[in-house]
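Data first, discussion second: the structure below is written as structure tokens.
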Amino acid sequence: MITNWFHKKTDKIDLKKLSPYGDRLGDGAMQLSFTLPVENSATAKEAARQYVEKLGFGDVHVATAEAMGAGFTFFVVFGHCKKTIDFSKVKVAKVAYEKMDYDQLMKFANEHIEKRLVVLGATTGFDAHTVGLDAILNMKGYMGDPGLERYPFFQVINLRSQVSNAELIQKAIQHRADVLLVSKLVTQRNQHITDLKELMKLLKQNKELSNSLLKIIGGPKITHAEATKLGYDAGFGPGTMPSEVAGFILQEFVKRK
């Protein structure tokens with residue numbers, strides 16, 4: 001019988017007192033990385049160690065200290081934390097839809113969709129990163145999961161990067177969009193939140209847009225809970241597959257119709 005190198009299969013995991021796992025279950029081992037605005041030196045390393053101790057960690061060890069230009073040092077630190085969390089009480093807001101594969105989505109669309117849905121996608125603001133957006137929209141998709149361009153019931157318009165909120169709305173009106181798909185990566189000082197708030201304000205002010213317009217956002221710091229709080233219909237985070245977005249769009253559109 002194959003067993004894990006670090007622990008036996010018979011070891012019990014207490015989900016009510018869950019803690020990080022390093023060399024053995026429940027040891028609370030964690031790795032932290034951060035930068036301090038000081039020159040790299042023995043004193044800087046000791047400061048990093050003491051700082052992590054102040055956070056409540058024990059058995060602290062500074063594994064890496066590297067200069068990050070003049071006056072800054074990057075640290076990787078190991079430590080052990082005694083705090084636990086009750087996993088059974090953790091609740092997460094999730095997008096409500098039934099997961100389907102490509103063939104199931106095709107069958108669902110043939111039964112319920114009467115016209116091609118116009119999906120308008122863009123990375124907005126100063127964000128020039130389109131890898132995530134392209135993975136969802138492009139025909140090749142991601143990890144063998146076809147992108148929205150592969151589905152005949154979608155008309156996909158990918159505006160790509162650095163699209164202003166005003167331009168996005170103009171394009172939505174021009175193409176009579178059924179779905180807005182906005183990707184956000186730039187997150188310094190929560191710039192993505194500022195941009196998304198401004199977009200929602202402009203959407204509410206514009207009377208030419210359809211009331212049934214489906215508004216979806218995605219990105220590495222996007223959660224569904226945060227998306228709905230901002231006024232959007234859904235939020236998809238890292239690891240989202242194209243078929244998941246396609247499934248939500250189809251099922252939500254049918255509900256609204």
Side-chain angles (χ1 to χ4, degrees), residues 15 18 85-102 104-105 108-109 112-113 117-125 127 129-138 141-143 145-148 151 154 156 158-159 163 165 168-169 172 177-204 209-257:
L15 294 180
L18 197 65
I85 187 169
D86 187 344
F87 189 79
S88 65
K89 293 183 179 180
V90 176
K91 306 298 179 185
V92 178
K94 298 179 181 179
V95 184
Y97 67 100
E98 180 185 351
K99 288 189 177 182
M100 301 179 181
D101 61 22
Y102 181 83
Q104 291 172 321
L105 288 169
F108 182 88
H112 299 285
I113 302 298
L117 302 180
V118 179
V119 180
L120 191 65
T123 301
T124 59
D127 200 334
H129 190 277
T130 64
V131 173
L133 180 69
D134 291 339
I136 299 297
L137 297 182
N138 284 358
Y142 177 65
M143 294 184 65
D145 196 62
L148 270 59
Y151 296 90
F154 289 141
V156 177
N158 188 348
L159 300 178
V163 179
N165 287 330
L168 180 62
I169 290 177
D178 298 295
V179 183
L180 282 186
L181 185 58
V182 178
S183 176
K184 296 300 295 181
L185 180 71
V186 174
T187 57
Q188 289 88 345
R189 299 183 181 181
N190 281 334
Q191 183 61 44
H192 65 301
I193 298 296
T194 301
D195 289 346
L196 290 169
K197 285 182 177 179
E198 180 192 55
L199 175 58
M200 181 54 64
K201 182 179 179 180
L202 293 174
L203 287 169
K204 290 180 178 179
L209 293 171
S210 170
N211 292 329
S212 63
L213 179 67
L214 195 57
K215 300 171 284 294
I216 302 172
I217 58 177
K221 291 186 71 174
I222 298 298
T223 65
H224 181 58
E226 189 168 51
T228 54
K229 183 179 179 180
L230 291 171
Y232 293 87
D233 298 298
F236 290 94
T240 298
M241 304 301 285
S243 59
E244 295 176 321
V245 178
F248 173 74
I249 291 173
L250 287 178
Q251 293 169 44
E252 187 66 21
F253 189 83
V254 169
K255 287 179 185 178
R256 296 186 177 197
K257 185 180 67 172

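Not measured: the values here are computed from a predicted model.
A heavy-atom distance below 4.5 Å is not found between the side chains of L159 and T124. Side-chain contact check for L202 versus L168: every heavy-atom pair is 4.5 Å or farther apart. By the 4.5 Å heavy-atom criterion applied to side chains, F253 and I113 are counted as neighbours. In this structure, the side chains of Q104 and E98 stay at 4.5 Å or more apart for every pair of heavy atoms. Side-chain contact between T223 and V92 is absent, with no heavy atoms from C-beta onward closer than 4.5 Å.
Atom CD1 of I169 sits about 6.0 Å away from atom CG of L209, to the nearest 0.5 Å. K255 contributes atom NZ, which lies 15.0 Å from atom OG of S212 (distance to the nearest 0.5 angstrom). Remark: L15 CG to K89 NZ distance equals 13.5 Å, nearest 0.5 Å. Atom CG of L133 is separated from atom OG1 of T123 by 4.5 Å, given to the nearest 0.5 angstrom. In this structure, NZ on K197 lies 10.0 Å from NE2 on H192, to the nearest 0.5 angstrom. Going from atom OG1 of T130 over to atom CD1 of I136 covers 12.5 Å, rounded to the nearest 0.5 Å.
Taking the salt bridge (charged side-chain N to carboxylate O under 4.0 Å, His left out) definition, one finds that D134 meets it with R160, sequence neighbours left out. For H129, the ring-ring contact (aromatic ring centres under 6.0 Å, His included) criterion is met by no residue, not counting sequence neighbours.
Ring orientation note: the planes of H112 and F108 are tilted relative to one another, at an angle of 30° to 60°.
Across G235 and V95, no two heavy atoms sit closer than the pair O-CG2, 3.6 Å. The two residues L18 and F87 make their nearest non-hydrogen contact at CD2-CD1, 3.6 Å. Closest approach of K221 and E226 over heavy atoms only: O-OE1, 3.4 Å. Nearest heavy-atom pair, A227 versus I217, reported as atom, atom and distance to 0.1 Å: CB-CD1, 3.6 Å. Nearest heavy atoms, A172 versus L180: CB-CD2, 4.0 Å. Listed here is the closest heavy atom pair of L230 and M200: O-CG, 3.4 Å.
A donor-acceptor pair is defined here as one N or O able to donate and one able to accept, closer than 3.5 Å; such a pair exists between the side chain of K215 and the backbone of L213. A distance-only check finds a donor-acceptor pair linking the side chain of D127 to the backbone of L185 [under 3.5 Å]. Judged by distance alone, with hydrogens and angles left aside, the side-chain atoms of Y232 form a donor-acceptor pair with the main-chain N or O of L196 at under 3.5 Å.
Between R256 and D178 no salt bridge is recorded (no basic side-chain N to carboxylate O distance below 4.0 Å).
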Residues 240-250, side-chain donor-acceptor partners within the protein, below 3.5 Å, at least two apart:
{"residue": "T240", "atom": "OG1", "partner": "G237", "partner atom": "O", "Å": "2.7"}
{"residue": "S243", "atom": "OG", "partner": "D145", "partner atom": "OD1", "Å": "3.2"}
{"residue": "S243", "atom": "OG", "partner": "D145", "partner atom": "OD2", "Å": "3.1"}
{"residue": "E244", "atom": "OE1", "partner": "M241", "partner atom": "N", "Å": "2.8"}
{"residue": "E244", "atom": "OE2", "partner": "K99", "partner atom": "NZ", "Å": "3.0"}

